[in-house]
Amino acid sequence: MEKERILIIGGGPAGLEAAYNLAENNYAVTIFEKDTEIGGNIKKWVKLFPDFGDAAEVRKNFKDKVTRQDIDIKTDISINELYSENGKWFAKNSSGNVYEGNAALLATGFETFNASRKEELGYGIYNNVITSVEFEQMYKTGKIITAEGKTPERIAFLNCVGSRDEKVGNHYCSRICCINAVKQAIEFKELVPDAEAYCFYMDMRMAGQFYEELYRKSQEKFGVTYIRGRISEAAGTIDNRIQIKSEDTLTGLPLKMTVDLLVLMVGIESSDSTTALAKQNEINGEYGFAKSVGLHGSDNLTKKEGLFLAGSCKRPLTLPETIADGRAAAIQIIEFLKLKVKN
Amino acid sequence: MEVKKHYWNQYQKEIADDDYFYERSCIRQTFFPGSETTFLRIMKEELGKNIMDDPNLHTCTGIGYHSDVVAFDTTQTVCARIFSLMTDSGLKNYVPSCVTSFGLFTELIETWKHFPEELEKTRENLRKATGREFELPTNIAHPSDVIFKFRKELKEKMKYQLVNKHTGKPLKVVEHIGCHYGKVFSQHSIGGAEFPHVLAGMIEEWGGEVVDYPERRHCCGFGFRQYLVMANRGYSVANTKKKFESMKPYKPDFIVANCPGCTMFMDKWQYTIAEMEGITYDEFGKGIPVLSYEEMAGMLLGYNPWDIGMQTHQVQVESLLDKIGVEYDPKDKYIGKSGNYIGEPEKPENLKV
Amino acid sequence: MKNWGYKISKPRGIDLDTANIKEFDKLAEKVPSAKRCLMCGACSATCSATNHTDFNFRKCHLMFRRGQFENISEELDKCMLCGKCKLVCPRGVNTRAIIYNMRIFLNNMDYKNI
């Protein structure tokens, strides 16, 4: 008998983990990845918080796990339509090809916030205002430098760019940025020990295992300075540095300083595919994310029979949470397909 | 500093093409007396537009309103009377000369949109007080918006450019849009409040270079009740000082401002700071000339600087005129329209003239 | 110079471009646990002096960190050195040692001219 097939939209950690577990349980899987390579957002990272794990190695492990006959990986394919007919699920790409399966898993992940929407922070205007993603790309080259090629003597990280901000329509916390700022500040201080590193925050949300410990280490061992206050203005100076203004809310005084590099910790937003495919299937939730049936116990299910969710297409999740969620989705899909055969 | 992208494009607004109803500012006619007549001259003579300058106009209460001495109900009714004068004229495109009026009228229209009962109450109040009725304007634009709209047409007619004739390099110009132009409703301004483009667009079109200095967005410190009350004046002027300190390293050739209060402040406070602390912000101790955008346009169109009121500035403008190569007769500086000597101000102790 | 009955206000905020923030590094060499401070305020909450005067150890410590030395010395005189703050600190900061050392640093520093 031919194996039942599951269509997985998105070749990031959630989709890949689900694919592997489904294949291990004797199902056939087709993964659609819009990019040339699988791995999703892990591709953008060098080291992972909070243990400085090697992102490339995590990707390689995933690749090894899913390189098998029963997983068909289709890269460079964007799925524009996802729909069901007569109990089957269909995915259609931009050139009109239709793929058929017995169930579908939405694992379309997140995109980082477009920092130029926060005009007052000067991203896209001043070259020495960069995003946390650009920091990672620079870190890959082994050095952190300004647009002029200078080693920064002073760097500032700003949390909550695109998160917890009504002005951009995102009331939620993106959850990964605080700890990522701690990680990147440490990485910077390791590269340039004599430089000053500042981190501006509204709350330090260290709600993960070893996060608080890393935060403490960044203060004690690396001398990172934390200032509670949101930078409300970044402006270029005559020597291409960045003047920033915030309130030092714990002294109650306005604070001004000039830095060589300002790193904006961009938040998590729903990806365009997530928003579009969730809307088509009437499972669109808040902020463009996809909506599961319920948080407790049915978080991988949707109100559409045979359509499942995994990972950060639902809300901001960390990598370990995403991987666990991919695995959980696989179990839900298996249960669903078994029950269907039985009936 | 190299700027990668032009985000100002995201903020555009509709600006009427012709048939404007002009409202003069309370204070500009005193501090920059040639600016409004220059605007009217440009509109009529250069652009051939129909614009009405109604002698029956009065204050919008902006200064009193922002100083907490005029109640909002009164403000609404007084502004409604201005609208009723416009209604009488049959015009619908409202152009208030003052940035604070512009902010206030935009605020009123927005208020009436969300609270129609306020509009009804205002109609009733105006009726009771004056027996007048009014229509809302279909378009509100600040005169700088209108000049911005026609900046290319005006360039064709200009005699001079914002270029240093000795070096051939663009003049470095500081622009200041005024808080009530862009910060109250950034969607009703050109370029928004962070990277405003209404004046920058004129400067760039006419050959100059905009100085993007760190305190570009900072308030000039006018703040109405702040500068009006002597006890607060020290912190009012401190804001202007902060801007001057921030722009100084860029060695700007002049400042162009949008708002009556800002233009006056940035000009007059240079005298104040020089006399109180002995500090000036240019190389020669003369201060940085401050122009209104109408003066800038009129100057480039080749209007006689003394006809457009540039002799009434605190910081003298000759150094700027010489840089551009504007022709003027120093002897005429204090000869009024009537041909009579209008008097000359005393020389300051510290600010050189 | 003219006097018109008012003075131009001095900037009130913290300017980290000009503030002496290196002094804290020296303090942290003496009291390494200072670097761990979270600014939670447990120290001030329990402080005998804070409950009866406007003394605030957390704020003094932070102002020192930011190079704002002007009033700290005077404030520190209100501390009774009872040590309760040290008992409650969740990050094990040696608050008492910070007070001692801030006094020494401030006595040796010509901070009024900084």
Side-chain angles (χ1 to χ4, degrees), chain A residues 113-131 133-134 137-138 145-150 152 154 156 158 161-162 165-169 230-247 253-264, chain B residues 1-12 172-177 179 182-198 200 204 209-219 221 235 238-239 241-253 281-283 288:
Chain A
F113 175 77
N114 172 8
S116 65
R117 283 170 61 200
K118 291 299 292 173
E119 274 172 275
E120 66 268 34
L121 299 176
Y123 177 73
I125 306 261
Y126 306 116
N127 292 321
N128 286 320
V129 181
I130 64 169
T131 66
V133 177
E134 286 165 338
Q137 283 157 1
M138 217 197 292
I145 49 169
T146 66
E148 293 74 36
K150 212 178 88 191
R154 234 183 203 184
L158 170 63
V161 177
D165 184 358
E166 184 189 276
K167 285 286 190 303
V168 296
R230 192 177 176 108
I231 297 172
S232 63
E233 197 180 292
T237 65
I238 196 159
D239 51 358
N240 293 344
R241 298 173 77 215
I242 306 295
Q243 178 189 291
I244 52 181
K245 286 183 188 172
S246 90
E247 188 192 347
L253 291 169
L255 182 142
K256 177 181 89 102
M257 71 191 294
T258 315
V259 296
D260 297 300
L261 207 55
L262 172 63
V263 185
L264 308 178
Chain B
M1 172 156 212
E2 191 213 350
V3 166
K4 286 200 275 189
K5 281 180 197 161
H6 295 287
Y7 284 104
W8 70 270
N9 270 318
Q10 294 165 7
Y11 292 88
Q12 291 293 343
K172 284 182 270 178
V173 190
V174 159
E175 54 82 75
H176 183 81
I177 56 159
C179 298
K183 289 179 191 164
V184 189
F185 298 100
S186 51
Q187 71 275 26
H188 293 309
S189 69
I190 289 168
E194 300 293 343
F195 296 95
H197 203 68
V198 62
E204 283 169 6
E209 189 184 295
V210 177
V211 176
D212 188 23
Y213 63 111
E215 299 296 350
R216 182 178 172 190
R217 296 146 201 90
H218 198 82
C219 170
Y235 117 72
N239 286 285
K241 190 179 170 186
K242 185 177 182 149
K243 289 183 75 72
F244 289 139
E245 281 170 354
S246 177
M247 71 176 78
K248 192 184 174 185
Y250 296 81
K251 297 183 181 155
D253 293 296
Y281 297 93
D282 68 317
E283 288 172 280
I288 308 166

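Only a predicted model underlies this, so the values are computations on that prediction, with no experimental measurement involved. The figures here come from the full heavy-atom set of this structure, side chains too, leaving out hydrogens, waters and symmetry mates. Each chain gets a letter, A, B and so on, in the order its sequence line appears, and its residues count up from 1.
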Query - Exceeds 12 heavy-atom contacts within 6.0 angstrom, atom CZ of B:F185 - result: yes
Query raised in the report: Side chains of A:K245 and B:H218: does their closest heavy-atom pair fall under 4.5 Å?
Result: yes
Query raised in the report: When rounded to the nearest 0.5 angstrom, what distance separates OG1 in A:T237 from CG in B:D212?
Result: 10.5 Å
Query raised in the report: Should we count NZ of B:K251 as having more than 12 external heavy atoms under 6.0 Å?
Result: no
Query raised in the report: If you take all heavy atoms of B:F195 and A:E119, which pair is closest and at what distance?
Result: CE1-O, 3.3 Å
Query raised in the report: Can you say whether A:Q243 sits under 4.5 Å from chain B via the side chain, the backbone, both, or neither, judging by heavy atoms?
Result: side chain
Query raised in the report: Which heavy atom of A:E233 sits nearest a heavy atom of B:P214, and at what distance?
Result: OE2-O, 3.7 Å
Report task. Give, as side chain, backbone, both or neither, the part of A:K118 having an atom under 4.5 angstrom from any heavy atom of chain B. Result -> neither
